[in-house]
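Positions are given from 1 along the sequence.
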Amino acid sequence: MVDMRTTVPEGTTDDEVADMRRREAVRAAELVEQGNLLRLWRPPLAPGEWRTWGLFRADDADQLETVLASMPLRAWRTEDVTPLAPHPNDPGQPPR
């Protein structure tokens with residue numbers, strides 16, 4: 001689970017922001033296709049805040065870093081990673 005907080009640099013134009021968002025959407029779709037990006041959520045936001053929670057699949061921390069580094073918004077973003085493991089009582093798990 002990755003908590004991603006984006007801060008647009010001072011002086012960035014609306015066109016630059018729109019281009020960055022477009023490139024991020026393209027890359028996110030590629031990561032979905034590759035099986036690395038599973039879900040995205042928007043947590044409650046303060047006014048002007050740009051934040052996303054993402055559920056990613058990676059074999060290890062190095063692979064996750066490679067995935068996150070491939071995303072265009074990484075240039076404007078800070079991230080907190082929380083590794084997750086399956087829970088034996090997860091209702092989303094197939095029956096045993």
Side-chain angles (χ1 to χ4, degrees):
M1 177 71 71
V2 183
D3 183 357
M4 300 173 279
R5 293 164 315 284
T6 302
T7 304
V8 178
E10 187 90 21
T12 304
T13 67
D14 290 344
D15 286 344
E16 291 170 319
V17 171
D19 179 62
M20 180 68 86
R21 284 182 175 226
R22 181 193 58 75
R23 292 187 299 121
E24 182 79 359
V26 168
R27 182 62 184 139
E30 293 169 350
L31 292 172
V32 168
E33 185 69 27
Q34 294 167 6
N36 295 111
L37 176 56
L38 305 178
R39 298 289 304 270
L40 291 173
W41 292 274
R42 180 82 61 212
L45 300 174
E49 185 178 26
W50 189 351
R51 187 173 176 194
T52 303
W53 291 339
L55 183 61
F56 291 83
R57 177 179 289 131
D59 292 334
D60 55 34
D62 290 338
Q63 183 186 25
L64 179 59
E65 173 57 26
T66 299
V67 167
L68 295 174
S70 76
M71 301 176 77
L73 273 173
R74 182 59 154 341
W76 298 347
R77 187 166 61 209
T78 59
E79 302 151 345
D80 289 316
V81 175
T82 303
L84 301 175
H87 190 286
N89 297 327
D90 180 358
Q93 293 295 317
R96 291 178 234 142

Distance check, rounded to the nearest 0.5 Å: [X] atom [atom1] versus [Y] atom [atom2]?
{"X": "Leu37", "Y": "Leu55", "atom1": "CG", "atom2": "CG", "value": "8.0 Å"}
{"X": "Thr12", "Y": "Asp14", "atom1": "OG1", "atom2": "CG", "value": "9.5 Å"}
{"X": "Asp59", "Y": "Asn36", "atom1": "CG", "atom2": "CG", "value": "8.5 Å"}

In this structure, which one of Arg5, Met4, Met20 forms a side-chain contact (heavy atoms from CB on, under 4.5 Å) with Trp76? Met20

What are the two closest non-hydrogen atoms of [X] and [Y], and how far apart are they?
{"X": "Ser70", "Y": "Val67", "result": "OG-O, 2.6 Å"}
{"X": "Leu64", "Y": "Ala58", "result": "N-CB, 3.6 Å"}
{"X": "Thr52", "Y": "Pro43", "result": "CA-CD, 4.1 Å"}
{"X": "Leu68", "Y": "Glu79", "result": "CD1-OE1, 3.6 Å"}
{"X": "Val81", "Y": "Pro83", "result": "O-CD, 3.8 Å"}

Do the side chains of Arg21 and Glu16 get nearer than 4.5 Å, heavy atoms only? no

Answer yes or no: does atom CG of Asp60 have more than 12 heavy-atom neighbours from other residues, nucleotides or ligands under 6.0 Å? yes

Axial cation check for Trp41 ring with Arg51, 6.0 Å and 45° limits: no

Go through the steps for Glu24 and Arg74 under the test salt bridge (charged side-chain N to carboxylate O under 4.0 Å, His left out), then give the verdict. CA-CA 9 Å; Glu24 182 79 359; Arg74 182 59 154 341; over 6 Å; no

For Gln63 and Thr66, test the side chains for any donor-to-acceptor distance below 3.5 angstrom and give the result as yes or no. no

Is it the case that one hydrophobic cluster holds both [X] and [Y], taking links as side-chain heavy atoms less than 4.5 Å apart, direct or via other members?
{"X": "Phe56", "Y": "Trp53", "value": "no"}
{"X": "Leu73", "Y": "Leu40", "value": "no"}
{"X": "Val26", "Y": "Met71", "value": "no"}

Answer yes or no: is there an ion pair linking Glu49 with Arg42, defined by an N-O contact shorter than 4.0 Å? no

Does this structure show an ion pair linking Glu30 with Arg27, if we count only N-O contacts that are shorter than 4.0 Å? yes

Between Asp3 and Thr82, is the side chain to side chain contact (heavy atoms under 4.5 Å, CB included) condition met? List the steps. CA-CA 8 Å; Asp3 183 357; Thr82 303; over 6 Å; no

Could you go through Trp50 and Val8, starting from their C-alpha distance and side-chain angles, then the distance that decides it, and tell me whether this counts as side chain to side chain contact (heavy atoms under 4.5 Å, CB included)? CA-CA 9 Å; Trp50 189 351; Val8 178; 3.1 Å; yes

